[in-house]
Each structure stands twice: as structure tokens, then as C-alpha cells.
Amino acid sequence: MSVVIVGGHDRMVCMYKKICKEHKCKAKVFTQMSANLSGQIGSPDLLILFTNTVSHKMVRTALAEAEKCKANIVRSHTSSGTALNEILDTVMPAMA
């Protein structure tokens, strides 16, 4: 399963990837807006938006790409490792 995380803190990128790996997911993490974000997102199974730490432009771009590939979208106001664990614990069984 592939997961794209948009938002969060720069210092947490390694932890986000580690948590996703523990849940047997491949993860891409975007904490900053890059020039071609829409081209880098790809076609994930799950898009996680950490809404507290992300710009509106990033949200619009990520949502547009997620809708193209019909990815599941989860929004979380908290960008902690615990929040990511809880999201993956609830979403992973439902998608299997």
C-alpha cells in the first residue's frame, strides 16, 4: 500500500516513514511545497493531510491529485507520530 503524507514537521519526516514502514506501507512525505508537487504525488492508495501545518495551496494541489487516482483521503489537525499511528491503525484494516 502506498501512502502520501502532506504537511507535518520537517523534523518528523524520518519518523513518519518509519511508522509507515511498520504498517507495511511505502510512504512519500511532503512538508514543503515543491515546484512540481502534483507530478511527485503519483497515485497513492491513501493521502493523509496534516491540516495544521500545511498551506492552502498544498492542500488544493494534493486533493486534486488524490481525486484523479481515487485515493482515500484522511485529514488530521494533529501531525504527531501518535496521530499517524491511529490513522493507519483505523484505515489499513478497512482498505484490506
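In this text, all values refer to a predicted model and were calculated from it rather than measured experimentally. In what follows, every heavy atom counts, from backbone to side chain, and hydrogens, waters and symmetry copies are set aside.
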### Partners meeting salt bridge (charged side-chain N to carboxylate O under 4.0 Å, His left out) with Lys68 (sequence neighbours left out)
Glu65

#### Entry: Considering all heavy atoms, the nearest Thr53-Gly7 contact
OG1-C, 3.7 Å

### Task
Begin from the C-alpha positions of Ile5 and Lys17 and carry the test side chain to side chain contact (heavy atoms under 4.5 Å, CB included) through to its verdict.
CA-CA 9 Å; Ile5 299 171; Lys17 288 184 179 182; over 6 Å; no

### Message
Minimum heavy-atom separation for Gln40 and Ser34, please, with both atom names.
### Response
OE1-OG, 2.9 Å

### Task
Consider only side-chain heavy atoms of I, L, V, M, F, W and Y, link residues closer than 4.5 Å, and tell whether Val13 and Phe30 are in one cluster.
no

### Message
Taking Val91 as the starting point, is it possible to reach Val3 by hopping between hydrophobic residues whose side chains are less than 4.5 Å apart?
### Response
yes

### Query
Leu49 and Ala62: which non-hydrogen atoms are nearest, and at how many Å?
CD2-CB, 4.2 Å

### Task
Could you check if a side-chain atom of Met15 sits within less than 4.5 angstrom of a side-chain atom of Ile19, using non-hydrogen atoms only?
yes

### Task
Identify the two heavy atoms, one from Thr90 and one from Ile87, that lie closest to each other, and give their separation to 0.1 Å.
OG1-O, 3.0 Å

### Query
Looking only at heavy atoms, which two atoms of Met33 and Leu37 are closest? And how far apart?
SD-CD2, 3.7 Å

#### Entry: Residue of the set Leu84, Val29, Ile48, Asn85 for which side chain to side chain contact (heavy atoms under 4.5 Å, CB included) holds with Cys20
Leu84

## Note on the structure
Here the gap from Arg11 atom CZ to Cys14 atom SG, rounded to the nearest 0.5 Å, amounts to 13.0 Å

### Query
Any donor and acceptor pair, going by atom type alone, linking the side chain of Ser2 with main-chain N or O of Asp45 inside 3.5 Å?
yes

### Message
Tell me whether Met58 shares a hydrophobic cluster with Phe50, the cluster being built from Ile, Leu, Val, Met, Phe, Trp, Tyr side chains joined at under 4.5 Å.
### Response
no

### Message
Apply side chain to side chain contact (heavy atoms under 4.5 Å, CB included) to residues Val74 and Asn72 and explain how you reach the verdict.
### Response
CA-CA 7 Å; Val74 176; Asn72 289 334; 5.6 Å; no

#### Entry: For the student: nearest non-hydrogen atoms of His9 and Thr31, plus distance
O-CG2, 3.7 Å

### Straight-line distance of Asp89 CG to His23 NE2, nearest 0.5 Å
4.0 Å

### Message
Test of understanding: with side chain to side chain contact (heavy atoms under 4.5 Å, CB included), list the residues that count as partners of Thr78, not counting sequence neighbours.
### Response
Ser76, Ser80, Ala83

### Task
Please round to the nearest 0.5 Å and tell me the distance separating atom NE2 of His77 and atom CG of Asn52.
4.0 Å

### Query
Applying the side chain to side chain contact (heavy atoms under 4.5 Å, CB included) test to Arg75, which of Leu63, Val54, Leu47 qualifies?
Leu63

